[in-house]
Amino acid sequence: MSGGPPKALPSTGPHSLRDMPHPLAGSSSEEAVGGDSTPSPDLLMARSFGDKDLILPNGGTPVGTSSPASSSSLLNRLQLDDDLDGETRDLFVTVDDPKKHVCTMETYITYRITTKSTRVEFDLPEYSVRRRYQDFDWLRNKLEESQPTHLIPPLPEKFVVKGVVDRFSEEFVETRRKALDKFLKRITDHPVLSFNEHFNVFLTAKDLNAYKKQGMALLTRVGESVKHVTGGYKLRSRPLEFAAIGEYLDMFALKLGTIDRIAQRIIKEEIEYLVELREYGPVYSTWSALEGELAEPLEGVSACIGNCSTALEELTDDMTEDFLPVLREYILYSDSMKSVLKKRDQVQAEYEAKLEAVALRKEDRPKVPADVEKCQDRMECFNADLKADMERWQNNKRQDFRQLLMGMADKNIQYYEKCLMAWESIIPLLQEKQEAKWQVAFTSKFEENVIPWARLTD
Amino acid sequence: MEQAPPDPERRLQPAPLEPLGHPDAGLEAVVGEEVEAARDEGSGDGTMTENNFWLKKIEISVSEAEKRTGRNAMNMQETYTAYLIETRSVEHIDGQSVLTDSLWRRYSEFELLRNYLLVYYPHVVVPPLPEKRAEFVWHKLSADNMDPDFVERRRIGLENFLLRVASHPILCRDKIFYLFLTQEGNWKETVNETGFQLKADSRLKALNATFRVKNPDKRFTELKHYSDELQSVISHLLRVRARVADRLYGVYKVHGNYGRVFSEWSAIEKEMGDGLQSAGHHMDVYASSIDDILEDEEHYADQLKEYLFYAEALRAVCRKHELMQYDLEMAAQDLASKKQQCEELATGTVRTFSLKGMTTKLFGQETPEQREARIKVLEEQINEGEQQLKSKNLEGREFVKNAWADIERFKEQKNRDLKEALISYAVMQISMCKKGIQVWTNAKECFSKM
């Protein structure tokens, strides 16, 4: 894609959607219709979980022209559309197909990003590009820069914290892929972020690096101004609701941290239990070799313990791959949210300071000067965006944790069910009468001598 | 060597005995039934020996344990545990039991009884005692002999021991055993008066025989090998099981932490709060369920331990056989050499080297009278030797026959008991799995309400 003012994307395909009557054209308050493209089944299933997915208002607002007015009307639209089902979505993004690339300088993994959309902002109905972690990192930074009043979802950790994990192992790559998929889906679900220019480029550009080099960031008006907010103003009084959010996030992060530690400890204990089980089962086999009549029962017990060991290993793998990463993600999420809250505080502080300065100047002019008005604007915008995002976040968080914890319970249930089946199946073996298999004449001899003949009848 | 008259022709089934699997059940020795049956067959049958002390069905229980202090042999204060043994005779018709005897014994007296039985019944696989000191403990279990859980498990083990003896067709008839259950005072003196300690084979002698015996019965050699392997494998099993129990304990207990943190978290949540709180409660239930589970498993470990110790009893029988066989071989060897000497003296040929032969060469031959005298002595010795050899041979064969009969009985018992133990272990595991499913299903439901 060649460089150019990012406002209007040059067409890359044989025909542009612009040439056709926009299927979603109409008043902005209309419900979004499915349009020509019906989402393919795999995309539907790859959607992020949660029954209360946010529905995107049709048309949406091109990123460059957001204003306080449109922000609040956005809020209204969101509240209206909240309960619609997923059929009205018009943007679907999936991350899959990890591949390893070996180059002279480095080795890295890329993921395939598939986008399907009927939105105006996309020239083609479908895109498929390959991206690596760096690119996601870049995207997130750009989003933070350009949308400082919004909560940007977290990325999975950049570096592997606990030493010995292999960056290229199947498990690690799969865990990362899921997290990256979740990241993009969260952006997709966001009524403002999903229309972000950088996001669009990320999803569609053939050569992302060229675009990156441009270095031209398109900021919202608010974004631009927030960027220049200087720190150093002291906040007078934080509005109750934001104070409450701050306190909540502190406690929330704390509790999640504790849960993370507990979960890790459980996995550690389970692995140590597994190690012992793997030694325990075979001893029954060894014993079985010494015995005659007891040989089969003992061997049965050994096999049973082996099955339980396998089930336990599956449990620990699942918990490591599915449970822990989501917890960590939420901890990162709440950390980044705290910084957004701080920024908001700064904006408010600046406004208050400027207001006070005006009051102190004791000017006759009753009218509030333009720059103070701008500050107020900024603050109110920020507050509104943040409030809306917090509500959305709370809802999603509830769904996410509900699913996560139910999943944890499920995995444990499955583990016990597998073990139950194993033990129940050997009861008949243990109770089986062995006499029928052994000739009476042999019983007076030491049992070991009898085995070859009798065993053949099994 | 004196032995209480064994009853080798006895073909009766060993009395059905419920092994350690059911500590709370009223455990019975159906010893009396054998007697009853014998009596029904008619006293002319000769199946009732004069050493039968039980006229009725009896129940034995070690019902209590009590801490006591007293002075020991060195006149020092010591603390020990005494166990109450109650014997009841069961009325034949209505099944009611009447307490006939009740006395207190301590562990060392049980040991004394067992050592006595070992000496007097070397052809019997004598039931073992529960361990003297707690071994194979996992960390939460105390290794202290005074610990109430240990004492309780020992009480069950001692009861089991008495029942095993009482239901053994040969051992149940022993008078000392009878007195153990009925005569509290003076029993120790009575046992010691039998002089059984003197009759015991020395360890050194037994070891020597084990190395030097040339032709032991192959079955006993194989049995010895088996009992060594059994001992090794059960020890290993018990050690690993203890570690498994330790780890499992850890897994369950850590889940208890979820209870607390879910509760704290629920305090800051609106809609999620209730679900979290109640799920946390289930995590607490889960964490505390492990205590009962592992206590039940100790039971299984005790059943295995009994057979670990039985392996030693098996080896003891093998050792006895080796000793007798060695004795026999030595006697035969001695006899053979004496015969040869005699022959040489009679024929005048010196085939073997002997000091006499040397001195004869050096100092001249002995007189015919001297030689005659020597031959006569030797012939007498040979006669005696042949008698002895004959009786030793008979003894040896008797021993092998009786021992092997008891070993067969033991094998049946072992297979039955261990199968039962494995079944009850599987049942325990099944119960544990079901509890786990229940708890997590409850938790899942709470989560779903979040």
Side-chain angles (χ1 to χ4, degrees), chain A residues 247-248 251-252 255-256 258-259 261-262 265-266 269-270 272-277 279-280 283-284 286-287 290-294 297-298 300-301 304 308 394 397-398 401-402 404-406 408-410 412-413 415-417 419-420 422-424 426-427 430-431 434 443-449, chain B residues 219 222-223 226 229-230 233-234 236-237 240-241 243-244 246-248 250-251 253-255 257-258 260-262 264-265 267-272 275-276 279 404 407-408 411-412 414-415 418-419 422-423 425-427 429-430 432-437 439-441 443-445 447-450:
Chain A
E247 274 167 29
Y248 170 81
M251 189 59 122
F252 178 72
K255 293 307 142 195
L256 279 198
T258 306
I259 292 175
R261 276 192 303 279
I262 295 172
R265 177 79 190 277
I266 288 176
E269 296 283 338
E270 281 174 347
E272 289 179 345
Y273 172 49
L274 182 64
V275 166
E276 301 297 348
L277 275 185
E279 191 182 327
Y280 185 49
V283 182
Y284 282 97
T286 308
W287 187 0
L290 299 177
E291 298 287 340
E293 197 179 314
L294 289 176
L298 287 169
V301 170
C304 201
C308 293
Q394 283 284 15
K397 173 209 80 185
R398 186 173 165 204
F401 275 96
R402 190 165 160 272
L404 183 72
L405 292 170
M406 281 177 75
M408 170 174 91
D410 248 336
N412 277 280
I413 292 171
Y415 160 70
Y416 277 114
E417 281 179 344
C419 292
L420 180 66
W423 285 106
E424 279 183 334
I426 68 154
I427 294 267
L430 293 176
Q431 289 175 329
Q434 294 283 321
T443 54
S444 62
K445 283 206 183 145
F446 186 53
E447 284 176 290
E448 268 193 7
N449 299 330
Chain B
R219 293 176 298 173
E222 283 169 0
L223 184 66
Y226 168 77
E229 308 244 285
L230 186 71
V233 86
I234 297 186
H236 188 192
L237 195 64
V240 185
R241 193 213 69 89
R243 294 204 302 261
V244 167
D246 234 338
R247 292 303 177 193
L248 192 61
V251 171
K253 286 300 178 190
V254 181
H255 277 87
N257 291 319
Y258 273 146
R260 198 180 56 240
V261 75
F262 282 171
E264 290 166 5
W265 183 10
I268 59 168
E269 296 289 345
K270 292 178 219 109
E271 304 126 322
M272 278 168 57
L276 272 177
W404 207 256
I407 286 164
E408 290 297 326
K411 274 187 215 160
E412 295 288 311
K414 176 203 79 174
N415 288 338
L418 288 175
K419 251 207 206 159
L422 289 176
I423 291 173
Y425 184 63
V427 168
Q429 301 304 306
I430 287 171
M432 180 171 90
C433 290
K434 285 189 173 160
K435 276 191 210 159
I437 291 173
V439 164
W440 282 105
T441 306
K444 184 178 173 187
E445 213 187 289
F447 290 138
S448 74
K449 299 203 179 110
M450 264 167 53

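Side-chain atoms are counted along with the backbone in the values below, which use heavy atoms only and exclude waters and symmetry mates. The chains referred to below are lettered A, B, ... by the order of the sequence lines, with proteins before strands, and numbering in each begins at 1.
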With a 4.5 angstrom heavy-atom cut-off, could you sort out which part of Ile262(A) is near chain B: side chain, backbone, both or neither?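 Both backbone and side chain.
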Side chain, backbone, both or neither: which part of Phe252(A) has a heavy atom under 4.5 Å from chain B? both
If you measure from the Lys or Arg side-chain nitrogens to the Asp or Glu carboxylate oxygens, is any gap between Arg247(B) and Glu270(A) under 4.0 Å?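 Looking at Arg247(B) and Glu270(A), the cut-off is not met.
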Closer than 4.0 angstrom, basic N to acidic O: yes or no for Glu293(A) and Lys411(B)?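 No, Glu293(A) and Lys411(B) are not salt-bridged.
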Hey, what do you get for [atom1] ([X]) to [atom2] ([Y]), rounding to the nearest 0.5 Å?
{"X": "Leu294(A)", "Y": "Leu422(B)", "atom1": "CG", "atom2": "CG", "result": "7.0 Å"}
{"X": "Lys444(B)", "Y": "Ile413(A)", "atom1": "NZ", "atom2": "CD1", "result": "5.5 Å"}
{"X": "Ile423(B)", "Y": "Leu430(A)", "atom1": "CD1", "atom2": "CG", "result": "5.5 Å"}
{"X": "Ile268(B)", "Y": "Lys255(A)", "atom1": "CD1", "atom2": "NZ", "result": "8.0 Å"}
{"X": "Glu424(A)", "Y": "Gln429(B)", "atom1": "CD", "atom2": "CD", "result": "12.5 Å"}

Side chain proximity check, [X] to [Y], heavy atoms < 4.5 angstrom:
{"X": "Arg265(A)", "Y": "Asn257(B)", "value": "no"}
{"X": "Arg241(B)", "Y": "Tyr280(A)", "value": "yes"}
{"X": "Val427(B)", "Y": "Trp423(A)", "value": "no"}
{"X": "Leu418(B)", "Y": "Leu298(A)", "value": "no"}
{"X": "Gln394(A)", "Y": "Met272(B)", "value": "no"}

For Met408(A) and Trp440(B), what are the C-alpha separation, side-chain angles and deciding distance, and is it a side-chain contact (heavy atoms from CB on, under 4.5 Å)? CA-CA 9 Å; Met408(A) 170 174 91; Trp440(B) 282 105; 3.9 Å; yes
CD (Glu445(B)) with more than 12 external heavy atoms under 6.0 Å: no
Could you tell me which of [options] has the largest number of non-hydrogen atom pairs under 4.5 Å with chain B?
{"options": "Ile259(A), Leu256(A), Leu277(A), Ile426(A)", "answer": "Ile259(A)"}
{"options": "Phe401(A), Tyr415(A), Tyr273(A)", "answer": "Tyr273(A)"}
{"options": "Glu276(A), Met251(A), Glu269(A)", "answer": "Glu276(A)"}
{"options": "Leu405(A), Leu274(A), Val283(A)", "answer": "Leu405(A)"}
{"options": "Arg261(A), Glu417(A), Glu279(A)", "answer": "Glu279(A)"}

Looking at residues at least two apart in the chain, or sitting in another chain, which of them share a ring-ring contact (aromatic ring centres under 6.0 Å, His included) with Trp287(A)? none
Given the options [options], which has more heavy-atom pairs under 4.5 Å with chain A than any of the others?
{"options": "Lys270(B), Glu271(B), Lys253(B)", "value": "Glu271(B)"}
{"options": "Leu230(B), Val251(B), Thr441(B), Val439(B)", "value": "Val251(B)"}
{"options": "Ala279(B), Ser448(B), Gly436(B)", "value": "Ser448(B)"}
{"options": "Arg260(B), Arg243(B), Lys449(B), Met432(B)", "value": "Arg243(B)"}

How far apart are the C-alpha atoms of Ile427(A) and Ile430(B), what are their side-chain angles, what is the distance that settles it, and do they pass the side-chain contact (heavy atoms from CB on, under 4.5 Å) test? CA-CA 10 Å; Ile427(A) 294 267; Ile430(B) 287 171; 3.9 Å; yes
Heavy-atom contact with chain A under 4.5 Å, split by part of Leu276(B):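 Side chain of Leu276(B) only, per the 4.5 Å heavy-atom cut-off to chain A.
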Would Glu291(A) and Asn415(B) count as a side-chain contact (heavy atoms from CB on, under 4.5 Å) here? Give the steps. CA-CA 9 Å; Glu291(A) 298 287 340; Asn415(B) 288 338; 4.2 Å; yes
Looking only at heavy atoms, which two atoms of Glu269(B) and Lys397(A) are closest? And how far apart? OE1-NZ, 2.7 Å
Closest non-hydrogen atom pair between Leu420(A) and Cys433(B), with its separation: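 Looks like N-SG, 3.7 Å.
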Trace of the side-chain contact (heavy atoms from CB on, under 4.5 Å) decision for Ile266(A) with Tyr258(B): CA-CA 10 Å; Ile266(A) 288 176; Tyr258(B) 273 146; 3.4 Å; yes
